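Remember, it's a predicted structure, so these values are computed and weren't measured experimentally. Lettering of chains follows the sequences in order, A, B, ..., and the numbering in each one begins at 1. Reckoned from all heavy atoms, side chains included, excluding hydrogens, waters and symmetry mates.
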There are 2 protein chains.
Amino acid sequence: MYTVKEVAKMLDLSEHAVRYYTDKGLIPSILRDQNNNRLFNEESVNWLIGVKILKQCGMSIEDIKTYAELSIKGDSTIQERYEIILRQRELALLQLQEAKSTVDYLEAKTNYYLNIIKGVIADSSNPAKWPLKYELNEVWDTIGAK
Amino acid sequence: MYTVKEVAKMLDLSEHAVRYYTDKGLIPSILRDQNNNRLFNEESVNWLIGVKILKQCGMSIEDIKTYAELSIKGDSTIQERYEIILRQRELALLQLQEAKSTVDYLEAKTNYYLNIIKGVIADSSNPAKWPLKYELNEVWDTIGAK
DNA sequence: TACATCCTTCGTGTTACACGAAGGCAAGAG
DNA sequence: CTCTTGCCTTCGTGTAACACGAAGGATGTA
């Protein structure tokens with residue numbers, strides 16, 4: 001049996017977050033002691049782990065709750081759960097693509113700055129007047145145009 | 001000269017977002033007509049493009065504002081801007097790693113469900129009692145353990 | 001007994017907008 | 001010359017997922 005503080009430390013979550021999850025009904029097996037303090041047994045800890053993982057996958061609290069409720073209902077909901085995970089996977093793939101473009105863009109931008117700092121681009125014409133446009137012309141047009 | 005509606009459509013932003021950015025001071029060159037309507041010239045549009053890109057890179061409005069203000073100051077701030085972009089690149093790399101793990105996890109989970117649905121795992125012992133733990137034992141322990 | 005430490009609930013603050021209300025201005029229809 | 005339409009404005013509240021702090025109860029120790 002663990003307290004909020006203990007599970008928070010165990011799972012590297014904030015105590016606020018742990019209370020928030022329990023209050024939102026994401027940990028159905030949560031217990032209370034005689035002073036109304038939250039108590040986590042092994043099952044509750046496992047639920048919390050599941051919630052944490054699905055959150056890291058980008059699922060909203062609402063969706064996680066839906067998914068958890070389906071899990072409780074048992075095998076008859078497996079198809080439905082599968083479809084939720086499928087949709088989430090599609091989202092994750094999109095996010096992966098975006099993360100890649102972002103890294104590419106920022107790499108190009110660091111190189112752009114490195115060149116300026118090293119003096120490779122000696123003539124920075126009129127940067128004070130069009131600072132962002134200047135960068136856009138140099139970097140964004142080549143990278144941001146995909 | 002473009003109205004809010006026009007730039008919003010041009011850059012695929014919501015009108016709400018465009019007004020929000022101007023109100024936050026991210027578009028210093030923004031103009032107003034005699035009826036106080038926002039008007040965007042080419043410079044303002046370029047600023048807006050820059051803001052949009054940095055937002056996609058995961059920068060907060062505050063950080064974008066800081067960066068924009070440095071840009072206005074001119075060449076003397078190049079080093080500082082470079083360091084901001086460097087830090088942002090580190091963040092982006094982290095996010096890329098997370099995105100990869102998330103995709104991996106969700107791929108494994110879809111396969112897990114596919115196996116169940118295809119009946120490969122015939123004995124689902126006591127899933128109603130430990131639904132999430134069941135999944136955790138099957139999938140998370142292998143993937144989530146990194 | 002006093003204090004420190006844990007827990008609780010409750011209420012507000014945060015970010016980056018979304019949304020709707022209420023109203024100003026201009027142009028075309030009748 | 002009004003009426004409607006359509007754009008724009010500001011202002012105010014709602015949202016997600018917590019963070020944070022206040023106020024207060026129960027417990028343990030000096």
Tell me whether B:Lys52 contacts the main-chain N or O of B:Leu11 through its side chain, where contact means a donor paired with an acceptor under 3.5 Å.
yes
Under 4.0 Å protein heavy-atom contact, by nucleotide of nucleotides 8-23 of chain D - B base, S sugar-phosphate only
SBS------BBSB---
With B:Thr77, the side-chain hydrogen bond (donor to acceptor under 3.5 Å, both in side chains) member among B:Arg81, B:Gln79, B:Glu80
B:Arg81
Starting from P on C:dC7, measure out to CD on A:Gln34 and report it in whole angstrom.
14 Å
Starting from P on C:dC6, measure out to OH on A:Tyr2 and report it in whole angstrom.
19 Å
Residue pairs, two or more places apart or on separate chains, that pass salt bridge (Lys or Arg N to Asp or Glu O under 4.0 Å) and touch residues 82-101 of chain A
A:Arg89-B:Glu107
Considering only residues two or more places apart or on different chains, which pairs with a residue in residues 23-39 of chain B satisfy salt bridge (Lys or Arg N to Asp or Glu O under 4.0 Å)?
B:Asp23-B:Arg38
Please say whether more than 12 non-hydrogen atoms of neighbouring residues, nucleotides or ligands are located less than 6.0 Å from CG in B:Asn35.
yes
